[in-house]
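Step one of this worksheet: look at the structure below.
Keep in mind that this is a model prediction, so the values were computed, not measured. Values reported hereafter were calculated over all heavy atoms of this structure, with side chains retained and with hydrogens, waters and symmetry mates removed.
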Amino acid sequence: MHTTTPAATARTGRGRRSAFHGWRIVAAFAVTQTAGYGCLYYPFAVLLHPVAADLHTSPAAVTGALTTAVLAWAAAAIPVGRWLDRHGGRGLMTASSLAGALLLVAWSRVETVWQLYAVFAALGVAMAMALYDAATAVIVSWFDTEQRPKAILAMIVVAGFASTIFMPLTGLLEHRYGWRTTLLILAAVYAALAVPLHATVVRAPATRHGSAPPTTAAERAAAVRRARRDARFWCLAVAFVAHGAAMSVMTVHLVGFLVSRGHPATFAATVAGLLGVLSVTGRLALTGARRRWPLTRVVAAVFTLQALAAAALPLVSGTRGGAIAGVVAFGAGFGVSSLAAPALLADRYGTTGYATIAGTLNTPVTLAKATAPLAAAGLTAVAGYQGTLLTVGGACALAAIGIIARATRPAPT
């Protein structure tokens with residue numbers, strides 16, 4: 001089932017302008033998503049210890065604030081999706097950008113741990129409204145099946161460098177001005193970039209000028225019900241929950257594992273940093289490969305490679321070359337889900353009700369990302385890093401199975 005999008009009407013005069021404006025939205029999102037992750041999400045890792053020291057608490061207590069934000073993000077996923085389906089992204093994303101900047105200011109003013117948790121709960125909702133999930137839903141509504149992967153890829157390739165840009169910048173600012181002033185600077189940067197771009201560039205596609213009429217609430221509700229009744233949807237949910245949990249565990253614990261294998265902390269951090277670069281190359285490779293083979297087979301093959309790499313890391317990581325090879329093999333699929341999930345959902349269920357359907361999928365995925373590192377820490381204490389990496393490999397294997405399960409069966413009527 002496919003819904004006509006503005007890009008599909010490019011042969012008409014109005015269609016050309018709509019399609020062109022879709023690419024303007026992509027360009028705007030490339031900027032706002034880079035700034036959003038760089039200002040709202042990644043500074044936490046850099047400011048963790050200064051914040052803990054200033055609040056006279058432990059890093060573990062401060063880390064709980066980020067978990068609170070991710071849980072709030074998960075809780076907001078479906079309501080945000082429903083809003084996007086009904087009203088589009090301009091108002092929601094503009095308001096959430098302004099809220100995100102104000103919450104960075106509030107974060108800079110906290111004096112107690114409970115205040116920090118309250119700010120991060122609100123920040124989680126703001127991120128759900130302004131970051132990848134919302135931006136992807138807007139892009140899906142603008143582009144047809146052929147152009148959609150290119151549009152999403154263009155956004156996430158640029159935004160993939162958010163950590164490369166903003167984590168060093170945050171560290172330099174904190175060293176010179178302290179964490180509170182750093183947050184005020186980041187708030188100003190984010191507000192200056194995201195608020196005007198979301199307010200002036202983002203808008204709903206003018207489908208009333210294309211060949212498809214605007215969808216009604218009843219049509220969107222019916223599309224969501226069809227997706228939720230489809231066994232293929234829940235196979236995808238299992239796949240992306242398992243894969244999201246595995247990626248989150250590796251993000252948090254890879255450095256510790258490499259240090260436990262006798263490597264210096266600087267080497268371990270550098271090798272772990274390859275995951276960000278590899279996420280970009282993996283997305284580019286996926287886009288090229290899907291032109292020749294079915295997307296489900298390509299994604300399943302990548303997840304299988306990750307399963308083998310995770311299982312092999314305890315055996316090969318004793319040397320620097322082996323550690324790099326293992327991380328490179330695993331990193332090949334590090335950013336694949338952010339491109340594969342919207343493509344598979346839109347291909348199977350169309351664009352009607354897409355944001356709500358995606359929110360239904362993103363809720364358990366986000367919960368898995370929030371809780372998996374803590375569970376992995378407990379597993380490591382019992383079974384060591386070898387047991388944790390074998391579990392990560394098993395999760396990737398389960399993800400591969402979920403991707404191809406029922407993939408060739410038709411959608412329920």
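- Side-chain N or O atoms of Q115 include none that pairs as donor or acceptor with a backbone N or O of V110 at under 3.5 Å.
- The minimum heavy-atom distance linking I139 with A151 is given by the pair CG2-CB, 3.7 Å.
- Taking the six-membered ring for Trp, W23 and F143 have ring centres closer than 6.0 Å.
- Judged by distance alone, the side chains of T380 and T388 do bring a donor and an acceptor atom under 3.5 Å apart.
- Taking the ring axis of Y349 as reference, the NZ or CZ atom of R226 does not stay both within 45° of it and closer than 6.0 Å to the ring centre.
- In terms of the ring pair (Phe, Tyr, Trp, His ring centres under 6.0 Å) criterion, F233 has no residue partners (sequence neighbours excluded).
- Remark: the backbone N or O of G322 is paired with a side-chain donor or acceptor of T319 at under 3.5 angstrom.
- Taking 4.5 Å as the limit, some side-chain heavy atom of F240 sits within range of a side-chain heavy atom of L344.
- For F166 and Y37, the distance between ring centers is not under 6.0 angstrom.
- Side-chain N or O atoms of S248 include none that pairs as donor or acceptor with a backbone N or O of A245 at under 3.5 Å.
- Taking the side chain as every heavy atom from C-beta outward, W179 and P43 never approach each other to under 4.5 Å.
- Using a 4.5 Å heavy-atom threshold, the side chains of Y41 and L66 count as touching.
- Within a 6.0 Å sphere centred on CH2 of W83, other residues, nucleotides and ligands contribute 12 heavy atoms or fewer.
- A salt bridge links E111 with R180: at least one charged nitrogen is closer than 4.0 Å to a carboxylate oxygen.
- Side-chain atoms of R90 come within 3.5 Å of backbone N or O of A199 as a donor-acceptor pair.
- Other residues, nucleotides and ligands contribute at most 12 non-hydrogen atoms within 6.0 Å of the CZ atom of F161.
- Remark: aromatic rings of H253 and F257 are distant, center separation not under 6.0 Å.
- Looking at D85, its side chain does come within 3.5 Å of a backbone N or O of A355 through a donor-acceptor pair.
- If you check the side chains of T360 and R228, you find a donor sitting under 3.5 Å from an acceptor.
- More than 12 non-hydrogen atoms from other residues, nucleotides or ligands lie less than 6.0 angstrom from NE2 of H87.
- Residue-environment remark: CD (Q386) stays at or below the threshold of 12 foreign heavy atoms within 6.0 Å.
- Listed by first then second residue, pairs satisfying ring pair (Phe, Tyr, Trp, His ring centres under 6.0 Å) with a partner in residues 270-299 number zero, not counting sequence neighbours.
- Annotation for L361 and A341: closest pair CD2-CB, 4.4 Å, computed over non-hydrogen atoms.
- Looking at W142 and R148, their side chains never come closer than 4.5 Å, going by heavy atoms from C-beta outward.
- For the 3.5 Å distance criterion, the side chains of S317 and R261 qualify, holding a donor opposite an acceptor.
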